[in-house]
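Below is one structure, written out as structure tokens; comments come after it.
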Amino acid sequence: MTFRMVLNLCLCIWLFVLAMPASATPLELKGEWYKAAEVWDYQLQYDMSETGLPKVPHPQKTGGVFLHQSDIHLDGNTTYVVDFKNSSVIERFTHYVFDDNGDLVLKLTGGISSATDNPFMLRHGREIKLPAGHYRIISELYSSFYLAQPQPYIDTLDDYRQAIKPGNAIVLICIGAMLILMVYYSVLGYVRGQRTDTMYALFIAGNLVYNSMAMLVAPDLFGVHWFYLVSIPILFSNFAYVLFVSSLLGIKRHIYRKLHALRRWSLGLLGIFLLVALLFPNWSMEMDRYGVGVIMSYGLLAGIVCSYRGNRTARMYLVAIVAFFAIGSYAITNSGLEGVYTIYIEHIGLLAVTVEMILLALVLARQFAQLHYEKEYALNQSEHNLQIAYTDALTGLPNRYALDKELEHLPQSGLLVFVDMDGLKFYNDNFGHKRGDELLCAFASAMRSELMKYGALHRIGGDEFAITFPSGDLTSIETKLHAAMQTVHAQGFDFSGISYGIAMVSESADRNVLKHLADTRMYEHKRQRKKRSLSS
């Protein structure tokens, strides 16, 4: 919880710093906006009020041709830059600069669809170097749609160069992070074959294309100028995000019936938005905006519901979607940033998506860590269970099941020895079962010490043991058995003894027959010992 609070606090501080205006405030070009028909041809009129075009408060988000008229005084010793605040999503623009006599002295063009090179990377800024005096600037904009409300402003060259650095750094860092995460999730989806990773890779890809175009990365670095790459990719990435969330949180019909139905409704709405955008391209950006609102709302609601029902993944995902929702809501509901010139609405949207991607990467890393822990726990538990299944609880020796495994690998030169502990009943009846258990443990310890690495001792029943002896040396095994019993007697078990039977592996390829031979010979040895005891 502390980590999440610190992370969210850092994000808030970051956004606050980014929103701070530059130390030298640029000059917003105050003036009037006019709307023209798309077929209207500007004839270099000096005064737009005489054209008969209607005034508007700002360019409409559904696009069109708009002209802005403003007057400015320039210092002849200073180089200026004219640019737009609030948004960089402008298809084409032209700045016409007139002197006091109404003569055109400068014409500056650009825009996402324009092949004109940008003198400032990732910016629409254009330099103005003119003699001192009063000038009129008429900015003509054409776009099929606008993300926010572009507003021309002017700044000195030196201040402008410094002011655009933070925004450009944000763009390059976030685009780089998107590219890395897209490749990461694509590879992950291919390797794991899970829809969750594939859908998120598609979501990132859509946002990567959109932001690369909107923030002028693709036009400046790759010469790509198709304006509709600003809006179309988001329409498809929204579908991918809904499918990603439902897959990540395991939203199935029989588990989350209402959320599953909400997913269908969300996909249906996104389908309608896509259809509207295809039929009315100038509405495509608005459909993007509504679509992002749908996916953020669906993700937030799904995260809350699944978290409430104990879904651990949903609790971690909720951190990411809350950050995405908070920052993204600001981006899709605002048309401008008051007092901020070089940070655009696009920057806020880019931050929203990147923050969510990074937080989700942390969620995924947490999942991997949890899976690794669960896998290690399962392996340890499996090994523990296997050890219990193949180990005698009292003596710690391998048991009958382990003996069967051992016999599979015993060479032809090996021996199988069955041993029966005599005297166990005597100690159980006269001194209690605890003493009988001590006898068994004493023999197990002594025999194991005698065998060392040359053989393996198993407990296969109450007072029965088995020895696998790879070397096939009869004299050696009998010597070790007698030495073990001497150790047992030295520990106070004078009335104990052993009977044993030996079978050679070469006598039969069938391991069951081999055990039967050793068992039969053991009981024969026991009968012979009893006869000798009675005769004496």
Side-chain angles (χ1 to χ4, degrees), residues 13-29 68 70 72 74-75 78-95 97 106 108-112 114 116-129 137 139 141 143 146-178 210-225 230 327 330-331 334-354:
I13 294 173
W14 190 16
L15 288 173
F16 175 77
V17 171
L18 291 178
M20 291 177 61
S23 56
T25 304
L27 177 63
E28 185 172 320
L29 295 176
H68 182 269
S70 59
I72 188 78
L74 300 180
D75 181 354
T78 305
T79 301
Y80 295 89
V81 177
V82 60
D83 199 352
F84 298 94
K85 68 187 294 288
N86 297 330
S87 176
S88 61
V89 176
I90 302 172
E91 190 169 352
R92 292 181 181 274
F93 68 84
T94 303
H95 297 294
V97 183
L106 198 61
L108 306 167
T109 62
I112 292 177
S114 172
T116 304
D117 293 334
N118 289 324
F120 302 96
M121 184 178 178
L122 312 182
R123 298 285 167 166
H124 290 310
R126 296 294 185 267
E127 291 187 30
I128 295 178
K129 180 65 175 176
I137 300 177
S139 301
L141 284 72
S143 277
Y146 297 94
L147 174 68
Q149 297 171 0
Q151 177 68 38
Y153 75 94
I154 195 165
D155 198 0
T156 63
L157 176 61
D158 292 339
D159 288 342
Y160 181 79
R161 284 173 173 167
Q162 294 300 317
I164 64 177
K165 287 180 179 179
N168 288 357
I170 293 171
V171 173
L172 295 177
I173 291 171
C174 291
I175 292 294
M178 281 188 183
Y210 157 73
N211 283 287
S212 295
M213 288 299 299
M215 305 305 297
L216 307 182
V217 175
D220 277 2
L221 299 184
F222 307 108
V224 179
H225 298 280
V230 175
I327 306 173
Y330 184 88
N334 282 274
S335 298
L337 299 172
E338 188 65 31
V340 181
Y341 291 83
T342 56
I343 299 297
Y344 302 147
I345 292 295
E346 288 91 322
H347 287 105
I348 307 300
L350 178 60
L351 279 172
V353 175
T354 306

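Values below: all heavy atoms of this structure, side chains included; hydrogens, waters and symmetry mates excluded.
The closest side-chain heavy-atom distance from N168 to K165 is not below 4.5 Å. Within the 4.5 Å cutoff, the side chain of H124 has heavy atoms near those of the L216 side chain. With contacts defined as side-chain heavy-atom distances shorter than 4.5 Å, the pair L337/Y330 qualifies. Looking at heavy atoms from C-beta onward, F84 lies out of side-chain contact with H68 at the 4.5 angstrom threshold. You'll find the side chain of V82 stays beyond 4.5 Å of the side chain of E127, heavy atoms only. Counting heavy atoms from C-beta outward, L27 and Y153 have side chains that stay 4.5 Å or more apart. In this structure the side chain of L141 never reaches within 4.5 angstrom of the side chain of S143, judged on heavy atoms. Residues V230 and L147 fail the side-chain proximity criterion, which asks for heavy atoms closer than 4.5 Å.
One N or O on the side chain of S88 and one on the backbone of A214 form a donor-acceptor pair closer than 3.5 Å. Here the side chain of H347 pairs a donor or acceptor atom with the backbone of G167 at under 3.5 angstrom. Here the side chain of E91 pairs no donor or acceptor atom with the backbone of G111 at under 3.5 angstrom. Checked by atom type and distance alone, the side chain of H225 pairs as donor or acceptor with a backbone atom of S114 at under 3.5 Å. No donor-acceptor pair closer than 3.5 Å links the side chain of D83 to the backbone N or O of R123. A donor-acceptor pair is defined here as one N or O able to donate and one able to accept, closer than 3.5 Å; no such pair exists between the side chain of T79 and the backbone of L157.
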Query - I345/S335 under side-chain contact (heavy atoms from CB on, under 4.5 Å): CA gap, chis, key distance, verdict - result: CA-CA 7 Å; I345 292 295; S335 298; over 6 Å; no

Query - Working for side-chain contact (heavy atoms from CB on, under 4.5 Å), residues I154 and L29 - result: CA-CA 7 Å; I154 195 165; L29 295 176; 4.0 Å; yes

Report task. Could you check T354 against M178 for side-chain contact (heavy atoms from CB on, under 4.5 Å), going step by step and ending with a plain yes or no? Result -> CA-CA 7 Å; T354 306; M178 281 188 183; 3.8 Å; yes

Report task. Could you give me the CA-CA distance, side-chain angles and deciding distance for M215 and L122, then say whether side-chain contact (heavy atoms from CB on, under 4.5 Å) is met? Result -> CA-CA 6 Å; M215 305 305 297; L122 312 182; 5.9 Å; no

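In terms of heavy-atom proximity, P150 sits nearest to I90 at CB-CD1, 4.0 Å. Minimum interatomic distance between G336 and N86 (heavy atoms only, all atoms of both residues): CA-OD1, 3.3 Å. When every heavy atom of G110 is checked against every heavy atom of T116, the shortest pair comes out as CA-CB, 4.5 Å. Considering every non-hydrogen atom in both P166 and A163, the closest pair reads CD-O, 3.4 Å. In terms of heavy-atom proximity, V89 sits nearest to I112 at CA-CD1, 4.1 Å.
Side-chain contact of Q149 with S87: a donor-acceptor pair under 3.5 Å is absent, judged by distance alone. Looking only at atom types and distance, the side chain of D155 has no donor-acceptor partner in the side chain of Y341 under 3.5 Å away.
Note that the OG1 atom of T342 and the NZ atom of K85 stand 10.5 Å from one another [nearest 0.5 Å]. We find the CG-CD1 distance between L351 and I327 to be 6.5 Å, quoted to the nearest 0.5 Å. S212 OG to D220 CG: the interatomic distance, rounded to the nearest 0.5 Å, is 11.5 Å. Distance check, rounded to the nearest 0.5 Å: NZ of K129 to OG1 of T78 gives 6.5 Å.
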